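In what follows, a structure is listed as structure tokens, so that the remarks can point back to it.
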2 protein chains.
Amino acid sequence: MRPLPAFRAFEPEELEFIARFKRGELVVDRGATVLVEGSHSPHLYTVLSGWGFRFKLLPDGRRQILNYVMPGDLIGLQGSIMGEMQHSVEALSGLILCVFERDKLLELYSKHPGLAYDITWLASREERMLDENLLSVGRRSAIERAAYLLAFIHERARAGGLGTRSRVAIPITQQHIADTLGLSLVHTNKTLRKLVQRGVIEWRDGGCEVVDLQKLLYISGWEGLDEGKRPLV
Amino acid sequence: MRPLPAFRAFEPEELEFIARFKRGELVVDRGATVLVEGSHSPHLYTVLSGWGFRFKLLPDGRRQILNYVMPGDLIGLQGSIMGEMQHSVEALSGLILCVFERDKLLELYSKHPGLAYDITWLASREERMLDENLLSVGRRSAIERAAYLLAFIHERARAGGLGTRSRVAIPITQQHIADTLGLSLVHTNKTLRKLVQRGVIEWRDGGCEVVDLQKLLYISGWEGLDEGKRPLV
DNA sequence: CGAATCCTTGATGCTAATCAATGAGGGTGG
DNA sequence: CCACCCTCATTGATTAGCATCAAGGATTCG
């Protein structure tokens, strides 16, 4: 994954530290829960392959999906830094994770300021994505939200090297989209049908694909992702 | 502010570095904009006193307030780390800011890993607050959202040492609340009236005060803030 | 073949948006 | 000092967007 154009180049000693920092790999099945709200995980993970999502639940079961996780994303940082996980993470597809020891995070901060900075970069980027999602859920109409979300996921996936030739199969159900947008399942379905009818997306066999990104961006009123090189811890 | 029970103790050399890191103080009037979306600010700030809010705008003027900033909060980190501000910040009251040089952030990371860790802690905490706000806007009803928001602001302010004897005057208009909750001004007013009638909050002269925190928490279905010691950069 | 999961569609009702208007301070300039 | 304006809060009437209810179809899997 490192050679991908999206990722910054690392120093040899940084790579060496990361290799030592790494504890092992974890394979998670589709639908399994990786991290649970309220738990104290001794680990921190980097996604090597697959898709997942972060979410929170209300006591009565209402679910809000906060963001999606894709290869290169760090998960469990909040739990490592603040003690207790405040959200859960579930696998959308089979997931391979690189496992890190939470306790070694302090060592990373003292010995590798460049990597520490990268971690802050990732945290900052997550915040940026959340800001945009909150804007969407709070102020955009149903169709704008749906268009924004799909364009956003599509762009992120493309930037991370997923899919082939501008096409990405997004492994998601309409229930996930509904829980991300803060809409009901039924209304989400009706909204997505409109996008399909306008020919901007296609929906097939348990997933979705963006057909016309430009039109999707236009509907959402969003300008698209604009990230330079990013770190990969 | 440092002696407050909410903040962690620092080492003398850390304090010394922070003092050198500090560039000066900035006084901002109520209603003024501190940081603008799209700009490249050479500075990073810590709030010394006053209230403000972070927000984003859609091209047609719809506004979403993302979070509130209070004494001890760091603002502009996103801009410093990722280059361009992706949100704006406006002063809700008169604001005094401690100004830091963006360029010295790298030096901080190399020489003071403890402080670097603190900055990540703060970023992580911001993410946690955003997660909770997103859950609120996406999945809670109007009255739950309003109750949650006011309880949340109240608790944060109390934890930061604002107000006296469990009472805090929150310097906010109903338009701000509406733009935070993703509701219209009219509906927000009607919802707040219900909270006033139930005797859980009071609304007076351009602000709001929580009267019965327990009942407010009950209405919102939220369990309250639970932070231990926090850093203050 | 029955069960489970996911998608789809129509009917109905409620929550919240929009429209419209009024009132209560506070500040400013004549 | 008062008339005017501006901001903010408030309230009623109407409309629209979305939720909820209900049911059925398609596909996969054991």
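Source: prediction; values computed, not measured. We name chains A, B, ... by the order of the sequence lines, and we start the count at 1 in each one.
One finds a salt bridge joining Arg54(B) and Asp131(A) here, because a Lys/Arg side-chain nitrogen approaches an Asp/Glu carboxylate oxygen to under 4.0 Å. Comment: Arg140(B) engages Glu132(B) in a salt bridge, judged by a side-chain N to carboxylate O separation of less than 4.0 angstrom.
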Is there any protein nitrogen or oxygen under 3.5 Å from a nitrogen or oxygen in nucleotides 16-23 of chain D, and what are the pairs?
unit_1	atom_1	unit_2	atom_2	d
dC18(D)	OP1	Ala142(A)	N	3.3
dC18(D)	OP2	His187(A)	NE2	3.2
dC18(D)	O5'	His187(A)	NE2	3.4
dA19(D)	OP1	Ser184(A)	N	3.0
dA19(D)	OP2	Ser184(A)	N	2.9
dA19(D)	OP2	Ser184(A)	OG	2.9

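No donor-acceptor pair under 3.5 Å is formed between the side chain of His87(A) and the backbone N or O of Lys56(A). Put simply, the side chain of Thr188(B) never gets that close to the backbone of Ile177(B): no donor and acceptor are under 3.5 Å apart.
Nearest heavy atoms, Arg198(A) versus Ile143(A): NH2-CD1, 3.7 Å.
Whole-Å rounding puts the Asn189(B) CG to dG23(C) P distance at 16 Å. Atoms CZ (Arg30(B)) and C1' (dC8(D)) sit 10 Å apart, rounded to a whole Å. The nearest whole Å value for the distance from the CG atom in Asp205(A) to the P atom in dT5(C) is 19 Å. dA9(D) atom P lies 9 Å from atom CG of Leu192(B), rounded to whole Å.
Contacts between residues 53-64 of chain A and DNA chain C, counted as heavy-atom distances below 4.0 Å, involve no residue at all. Residues from residues 168-178 of chain B with heavy atoms under 4.0 angstrom of DNA chain C: there are none.
No side-chain donor-acceptor contact under 3.5 Å links Gln64(B) and Asp179(B). Side-chain contact, Gln78(A) with Gln86(A): no donor N or O sits under 3.5 Å from an acceptor N or O. Between the side chains of His176(B) and Thr173(B), at least one donor N or O sits under 3.5 Å from an acceptor N or O.
The local environment of NZ in Lys22(A) is crowded, with over 12 non-hydrogen atoms from other residues, nucleotides or ligands closer than 6.0 Å. No more than 12 heavy atoms of other residues, nucleotides or ligands lie within 6.0 Å of CZ in Arg30(B), so this atom counts as exposed by the packing criterion.
Only one option out of Leu66(A), Leu130(A), Asn67(A) pairs with Leu130(B) in a side chain to side chain contact (heavy atoms under 4.5 Å, CB included); it is Leu130(A).
For residues 195-224 of chain B, the set of pairs meeting the ring pair (Phe, Tyr, Trp, His ring centres under 6.0 Å) definition, not counting sequence neighbours, comprises Tyr148(B)-Trp222(B).
Ser39(B) is linked by a side chain to side chain contact (heavy atoms under 4.5 Å, CB included) to Val36(B), Met85(B), counting only residues two or more places apart in sequence or in another chain.
Computed from C1' positions of five pairs at each end, the angle between the two local axes of the helix from dC1(C)-dG30(D) to dG30(C)-dC1(D) equals 30°, rounded to 10 degrees.
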